[in-house]
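Here the structure comes first, spelled out in structure tokens, and everything after it is commentary.
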Amino acid sequence: MPSILVRRRSKDAAAEARSLPAGRSAVVLGAALLAVLTAAVAWGSTSIPPGEVWGVVWRRLSGEAPRPGTDDLIVWQLRLPRALSAALVGAGLGVVGTAVQALVRNPLADPYLLGISNGASLGAVAAIVLGLGAGGGLGLGLSGAAFAGALATFALVWAVARRGGGFAPLRLVLAGVAIGQFLSGFTSYLVLQAGDEQQTHSVLFWLMGSLIGANWQLLAVPAVAVPAALLWLQARARGLNALLMGDETAAGLGIDVTRLRRELFTVTSVVTGVLVAVSGAIAFVALMVPHVCRLAVGGDHRRLLPVSALFGAVLLVTVDIVCRTAMDTQELPVGVVTSLLGAPALLYLLDRRLGSGS
Amino acid sequence: MRIDIEDLHVAYAGRTVVAGAHLVAAEGEITGLVGPNGSGKSTLLRAVYRHLRPTAGRVLLAGTDLRELSPVRSARHVAALPQERGSDFELSVREVVAMGRTPYKRAFAGEDAADRDIVSRALADVGMDAHAGRRFTALSGGERQRVLLARAFAQDPDVLVLDEPTNHLDIRHQVDLLALLRSQRRTTLVSLHDLNAAASVCDRLHVLHAGAVVASGPPRDVLTPELMAEVFGVRAVVVDHPLTGDALIAFDHRAPASPQAPVSGSRPATVRCVR
């Protein structure tokens, strides 16, 4: 067959909107999530058979006494909270990334663009260097400091962005980028002041994102915040769709654009703060997940939000398995893997998109 | 439903752009809004579809002040086609048109058979039903504009508000779109740059100048050589269109009406208002 015909056909296919039905995507992703969660708990320095993984979970949930031995400790205390944290953080990043892209009407935006993660990092790094994060792990004090930093930054960006009225997308991005850069200057200074190698290591792990500190206590807040945010956004999915077309179009469809923007900025900032407090600033996931999902199920937020949540969860649980098992001697920060995989994946997708002559 | 605009003042970016405009868009008629750049056409329309809030004066929808209606309620009666063209977010043509159902839907509600029917009919009305599955941003400019018009139709409005709907369209697409508007026989308030197009499709025209309506009436009464000189600052004669018999404005493209003619800013000394 002449190659020109083949090319022509693929071009037409790209002009067609999405090809996958959303319901089937959700079922497939749900099954994949269960599979990678099981794998995440089963794999590691000590392997545990998948059946035993579910056995431990079942005994815990049904209130039976756990069997003596290390399996219960490894599954219930170490790996399961970590795998669930990865799922929640991944889902949260997918959902918040989708919402922020609609908020600033830019498919290349992510929540870190609004400065919140820089504030959280400054809070966390300050806590490490000033010695609040006792023991060097990513404990509760550290998460508290990160969340406080996120909220303070949110207030600052809010105060700058609201002037001129309406939280205009460009103004919001400029305020976020400027304030974020300002804060990361402070962070860099603090890193230089770090007392010893252990502190520097903790700071680096924080800045690149890691789930190493996950435990049941830390899990509680995102376990509430992420599903609540997803539900809240899902209720406003039509409003998000309308924002994509423009503020005037949205107003003409009966949407109070200024109020919706204000609420979206608040919700996405708080959830971003929660996620960064648990895991540090994990790169690329919030940018890439909505992109991939949009290519699969299209831009309608009623489908895009839940699919982004599921895909984000699957992605981050998988990445975290790689981080734990890739090297024998030490763990990799999650951000290292997401950047190494994410950047080429994104370039490939953009190239495909531009190549399709849109 | 008719629209009455009474002593409307609207500010945009800190500047009062519409200052004391009066006009009526009568039931079932196409009412045109013409005027030079910066005369306040778009700003006035934004107050009608509630993107901007009036600083003074009122917009009445069938006698009810818009401020007494929630944004969702007025969006069930007034549909807008602003000059925005959307951005690349992988929306299909059908999804863009289905947005028109937004003011009728509660949170979490999906589209029912009636919604799908309305969307399909709107797509058929603009001749885009064969393209429902395509990506919106893969369409040409003319196709996009028809899809956005279908979205406004899907809102099932009593009043259509269109801001420069023929901008960036080639002549055939302009003719198609204006013919479509005429065939719909809905109450329509439309701003147009092309005075000849306005003269042939509008039942009545309102001329906006420096934020106020300076002339109103049937196109033939409003579009006079004097008004062309005073408001637009150009020399023109008005003749009968050889094909249609409508008013045809022939411009002198070589020189303005007078070298120092104020194109915008102060209002002209002579103001006519035919009601």
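Chain A is the first sequence line, chain B the second, and so forth, proteins listed ahead of strands; every chain is numbered from 1.
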Check for me whether B:Arg144 meets the cation-pi criterion with B:Phe136, that is, NZ or CZ under 6.0 Å from the six-membered ring centre and within 45 degrees of the ring axis.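 Relative to the ring axis of B:Phe136, which defines the angle, B:Arg144 lies inside both limits.
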Minimum-distance pair of heavy atoms, taken over all atoms of [X] and [Y]:
X        : Y        : value
B:Ala25  : B:Leu189 : CB-CD1, 4.4 Å
B:Ala197 : B:Leu192 : C-CD1, 4.5 Å
A:Val271 : A:Ala229 : CG2-CB, 3.6 Å
A:Gly90  : A:Leu316 : N-CD2, 3.5 Å
B:Ala79  : B:Gln155 : CB-OE1, 3.4 Å

Do [X] and [Y] meet the criterion of a side-chain donor-acceptor pair at a distance under 3.5 Å?
X        : Y        : answer
A:His291 : A:Arg294 : no
B:Asp170 : B:His173 : yes
A:Ser25  : A:Arg303 : no

Go through it in stages, so that I can follow the logic: the residues are A:His301 and A:Arg236, the test is side chain to side chain contact (heavy atoms under 4.5 Å, CB included), and I'd like the CA-CA distance, side-chain angles, deciding distance and then a yes or no. CA-CA 9 Å; A:His301 284 90; A:Arg236 285 152 188 80; over 6 Å; no
Residues of residues 102-109 of chain B with a heavy atom under 4.5 Å from any heavy atom of chain A, in residue-number order, are B:Thr102, B:Pro103, B:Lys105, B:Ala107, B:Phe108, B:Ala109
Residues 159-167 of chain B vs chain A, non-hydrogen distance cutoff under 4.5 Å, contacting residues -> none
Counting only heavy atoms closer than 4.5 Å, note whether A:Asp256 contacts chain B via side chain, backbone, both or neither.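 Contact with chain B: none, neither part.
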Under 4.5 Å to a heavy atom of chain B? For A:Arg302 that would be side chain
Tell me, for B:Val78 versus chain A, whether the close heavy atoms (under 4.5 Å) come from the side chain, the backbone, both or neither. backbone
Please classify the contact between B:Leu148 and chain A as side chain, backbone, both or neither, with a heavy-atom cut-off of under 4.5 Å. side chain
Top residue by heavy-atom pair count (under 4.5 Å) with chain A, among B:Glu111, B:Arg73, B:Gln83?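 Option with the greatest count: B:Glu111.
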Looking at B:Met99, B:Arg50, B:Arg151, which makes the most heavy-atom pairs under 4.5 Å with chain A?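 Maximum pair count with chain A is reached by B:Met99.
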Roughly how far, to the nearest 0.5 Å, is CG of B:Leu44 from NE2 of B:His206? 9.5 Å
Between B:Asp125 and B:Arg121, is there a salt bridge with N-O shorter than 4.0 Å?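 Result for this pair is no, no salt bridge flagged.
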Selection from A:Asn106, A:Asn241, A:Thr249 maximising heavy-atom pairs under 4.5 Å formed with chain B: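 Among the listed options, the one with the most contacts to chain B is A:Thr249.
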Determine whether B:Leu149 and B:Leu180 satisfy the following criterion, side chain to side chain contact (heavy atoms under 4.5 Å, CB included), listing intermediate values before the conclusion. CA-CA 10 Å; B:Leu149 190 64; B:Leu180 180 63; 3.5 Å; yes
